[in-house]
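Bear in mind that the values here come from a model prediction, so they are computed numbers and not experimental data.
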Amino acid sequence: AVFQRYLRPEKDYLSFSLIYNNGKRSLDLICKDKVEAEVWIAGLKALISSGQGGRSKIDGWSDGGLYLDVIPSPFDGRDLTSNSASDSSVSATRDISSPEVFVSFNPNTSPKSLRPENSFHSERSHVASEGTNMDVKGSGSYAFRVSVSSAPSTSSHGSAPDDYDALGDVYIWGEVICDNAVKVVADKNANYLSMRADVLLPRPLEYNVVLDVHHVACGVKHAALVTRQGEVFTWGEESGGRLGHGVGKDVIQPRLVESLAVTSVDFVACGEFHTCAVTMAGELYTWGDGTHNAGLLGHGTDVSHWIPKRISGPLEGLQVASVTCGPWHTALITSTGQLFTFGDGTFGVLGHGDRESVPYPKEVESLSGLRTIAVACGVWHTAAIVEVIVSQSSASVSSGKLFTWGDGDKNRLGHGDKEPRLKPTCVPALIDYNFHKVACGHSLTVGLTTSGHVFTMGSTVYGQLGNPCADGKIPSLVEDKLSGECVEEIACGAYHVAVLTSRNEVYTWGKGANGRLGHGDVEDRKT
C-alpha cells in the first residue's frame, strides 16, 4: 500500500514489502543498493520456502515460539533479484561481516508503535534492537534476523549526507487539537465539542498513513501540510470551510484535501479564516470563510468556499511563487518578483496608498519594477524583502531591503515612530543590511539577513523581541545564544518566534502559554 501511494519507479528494483499478520500489516523497505536487496530477498525466500508446510523456527532461537509467519507476495509479479537462484544464494553470503538488523513484529500492538521512518529504510531500521524485547514467550510476535549491508552505521540519529531519502516527519507542540484532550471545552452557541490539549514538548504528529512532509503551515485553530508528492492535508477546527473538505466537521488528524488531488501542490499558507495553496504550475487556490466583507479569498465576492477554488482574473498568465496569509489579508509574489495583495485594507495594510479593501489580487504599484523576494502578513501590517540595486565602490549589486507598511502602533514597522504607512516604506535603520527572509506576529516584525542574523522590532510584550535590552522603537539584533550561530529559517506566531540554525537546532522565545515554546513549561522567554 505504501509503494502504491508513493510511486518510486527508480527504486523499484531495491524495494519490497513483507506482508504479515494475515495481510493486515506490512514492512516496506527500500534498500541502499542492489547487494543489500539481494541479501534480504535471498534470506526471506529461504525462510518462506522452509516454512511452507507450517511455521518454521528460525536461526536457533531458544524454544519460546519466535517464528516467521510470512505470506509470499511477489512485488508486482517481478523478481526483484533479477538473478537466477544460484546467483541469489551466492549474493546472500557476500556480506557476512556486516552488522545485523533485528526486527520483531507484534501483531497485538497498535500501528503507532511502528514508526514510518523505521518501516521505510532498511539501512536506518533498528526496531526493537534490544535482545530482551525479542525474547517474548508465546506472545504471538514474529522475528527474523538478516545480515545486511556493510554500512558503518545503522544509527537513525544525525543528518548524515546519505539521509537524503529520509521521510519528512512533523512535530507539534502548544495548544493542539487531539482525540484524547485533557480538557473538553463546550461552546454554548454551537453543537460541537472542541477538543484541545496543551502539549508542552514537541511530539510527533499522529497520522493514519505514511506521510513524507515537505512543508507545513499553522493557522490560529487549523493547520496544513504538503507532502513531497504534492498532496495537501489539513486538520483542526472547521469554520467557514477553511479545512477544504467540504463538510462542517472538525478533523483531528491530517486529512487529504481530495479536490486538490488532481494537481501537484508546492506550498500552503493558513490565515485565521482561510487557507491558500500554490501549485507546482504556479496557480493559486484559496478556500474558507468569505463572509467578512473583506474579499478575503480573492475571488471578487463575499462568498465562502468549502473546497479550494482557483483564483484567475488578475493572475492570468502569471506564475505565483509564494503566498502568505494574515487574518484579514493575503499577499503573494509571482515568479518574476511582482507583489500582489488583497483583502481588508484597514490601516493601509495592502500597500496600495489607501485604506480600501480589494477583493481580488492587485499589484502593489509602488514596488512595480522591483523584485520582491519575500513577504509576510501580520494582523494589521505587512513586511517584505525587496531587491534594490546598491552602488558599492565601482560595482552595482542587488541587496534585499526590509520594507514595512500598515498600522505603525507599538513600533511594529521599525521606523522609530507609531505612524501608519499606506505604501511600502524602507526601514531606514536597517538600510546597510542584506535581508532575505521576513516574518510577522501581531505587533512584531522579524527580519533575517543573508549572513544569518535576526532583527526584531515592535512591542516588547512577552519578551517577543528576544532581546531584554530592546525597547522596540528601533530594530534590535537578537543575540544571546544566537550569537555565533547562522540562522536559516524564521517563523512567528502572534507573540512568539522560532528560528532554525545551520546546525539544525531550533530556538524559541516570546509568549510561553500553552507550551508553545516547546521547553516543557508555560513560561515566557525574553531571550
Side-chain angles (χ1 to χ4, degrees), residues 219-220 269-274 276 292-298 322-333 338-368 370 372-386 400-431 435 437-448 455-461 464-465 472-475 490-495 497:
V220 176
C270 296
E272 185 167 353
F273 307 103
H274 72 304
C276 304
H292 298 285
N293 304 315
L296 193 54
L297 301 184
S322 68
V323 64
T324 177
C325 302
W328 302 108
H329 73 297
T330 303
L332 65 93
I333 301 172
Q338 295 165 273
L339 178 65
F340 287 75
T341 59
F342 57 94
D344 191 324
T346 307
F347 297 112
V349 70
L350 299 183
H352 300 307
D354 54 34
R355 294 178 172 84
E356 301 298 312
S357 296
V358 178
Y360 52 83
K362 179 181 177 183
E363 186 173 6
V364 178
E365 285 177 15
S366 68
L367 295 178
S368 186
L370 297 172
T372 302
I373 56 177
V375 65
C377 295
V379 180
W380 294 120
H381 76 296
T382 311
I385 310 294
V386 182
K401 300 304 170 198
L402 178 62
F403 284 70
T404 58
W405 61 98
D407 182 16
D409 189 36
K410 308 268 193 329
N411 305 291
R412 68 190 79 176
L413 300 185
H415 298 296
D417 59 42
K418 299 184 180 181
E419 297 303 309
R421 302 290 193 280
L422 301 183
K423 288 183 177 178
T425 309
C426 188
V427 177
L430 296 173
I431 195 74
F435 286 88
K437 291 184 179 169
V438 65
C440 292
H442 186 283
S443 53
L444 171 70
T445 306
V446 183
L448 176 63
F455 286 89
T456 57
M457 60 217 79
S459 167
T460 59
V461 67
Q464 64 177 7
L465 296 181
K473 288 177 181 160
I474 56 166
I490 54 174
C492 280
Y495 299 103
V497 184

Within a strict 4.5 Å, meaning less than it, do heavy atoms of the [X] and [Y] side chains meet?
X	Y	answer
Val497	Leu444	yes
Val386	Ile373	no
Ser366	Pro424	yes
Cys492	Gln464	no
Phe435	Leu430	yes
His442	Tyr495	yes
Asp344	Trp380	yes

Residues which pass side chain to side chain donor-acceptor pair (under 3.5 Å) with [X], listed by chain and number, not counting sequence neighbours:
X	answer
Lys437	Glu489
Glu356	none
Ser322	none

Can you name the nearest heavy-atom pair linking [X] to [Y], along with the distance?
X	Y	value
Gly345	Ser357	N-OG, 3.2 Å
Cys426	Ile431	SG-CD1, 3.6 Å
Ala439	Ala376	CA-CB, 3.7 Å
Thr341	Ala331	CG2-CB, 3.9 Å
Pro420	Arg355	CG-NH2, 4.0 Å
Phe340	Gln338	CE1-CB, 3.8 Å

Heavy atoms of other groups near Ile474 CD1, more than 12 under 6.0 Å: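 No, not enclosed.
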Does the Ser459 side chain pair with the main chain of Val461, one donor and one acceptor, at a distance under 3.5 Å?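 At least one qualifying donor-acceptor pair exists.
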Look at the side chain of Glu365 and the backbone N and O of His352, then say whether any donor-acceptor pair between them is shorter than 3.5 Å.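 Judged by distance alone, no pair lies under 3.5 Å.
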Gap between atom [atom2] of [Y] and atom [atom1] of [X] - 0.5 Å precision:
X	Y	atom1	atom2	result
Cys440	Met457	SG	CE	9.0 Å
Cys276	Leu332	SG	CG	8.5 Å
Trp405	Leu413	CH2	CG	10.0 Å
Ile490	Thr456	CD1	OG1	10.5 Å

Any idea how His292 and Phe273 line up, ring-wise: parallel (<30°), tilted (30 to 60°), or perpendicular (>60°)?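 Rings of His292 and Phe273: tilted, 30 to 60°.
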Residues Thr445, Val438; criterion side chain to side chain contact (heavy atoms under 4.5 Å, CB included); working and verdict: CA-CA 7 Å; Thr445 306; Val438 65; 4.3 Å; yes
According to salt bridge (charged side-chain N to carboxylate O under 4.0 Å, His left out), who are the partners of Lys473, at least two apart in sequence or on a separate chain?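 None.
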Ring centroids only, cut at 6.0 angstrom: are Phe347 and His381 within range, meaning strictly under it?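 Between His381 and Phe347, which both carry aromatic rings, the centre distance is not below 6.0 Å.
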Does anything in residues 411-423 pair up under side chain to side chain donor-acceptor pair (under 3.5 Å), and if so which pairs, sequence neighbours excluded?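 Residue pairs passing side chain to side chain donor-acceptor pair (under 3.5 Å), neighbours aside: Thr404-His415, Asp417-Arg421.
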Show me, pair by pair, the donor-acceptor contacts under 3.5 angstrom made by side chains of residues 323-330, not counting sequence neighbours?
from	atom 1	to	atom 2	distance (Å)
His329	NE2	Thr382	OG1	2.9
Thr330	OG1	His274	NE2	2.8

Passes side chain to side chain contact (heavy atoms under 4.5 Å, CB included), Phe403 versus Val427? Steps please. CA-CA 6 Å; Phe403 284 70; Val427 177; over 6 Å; no
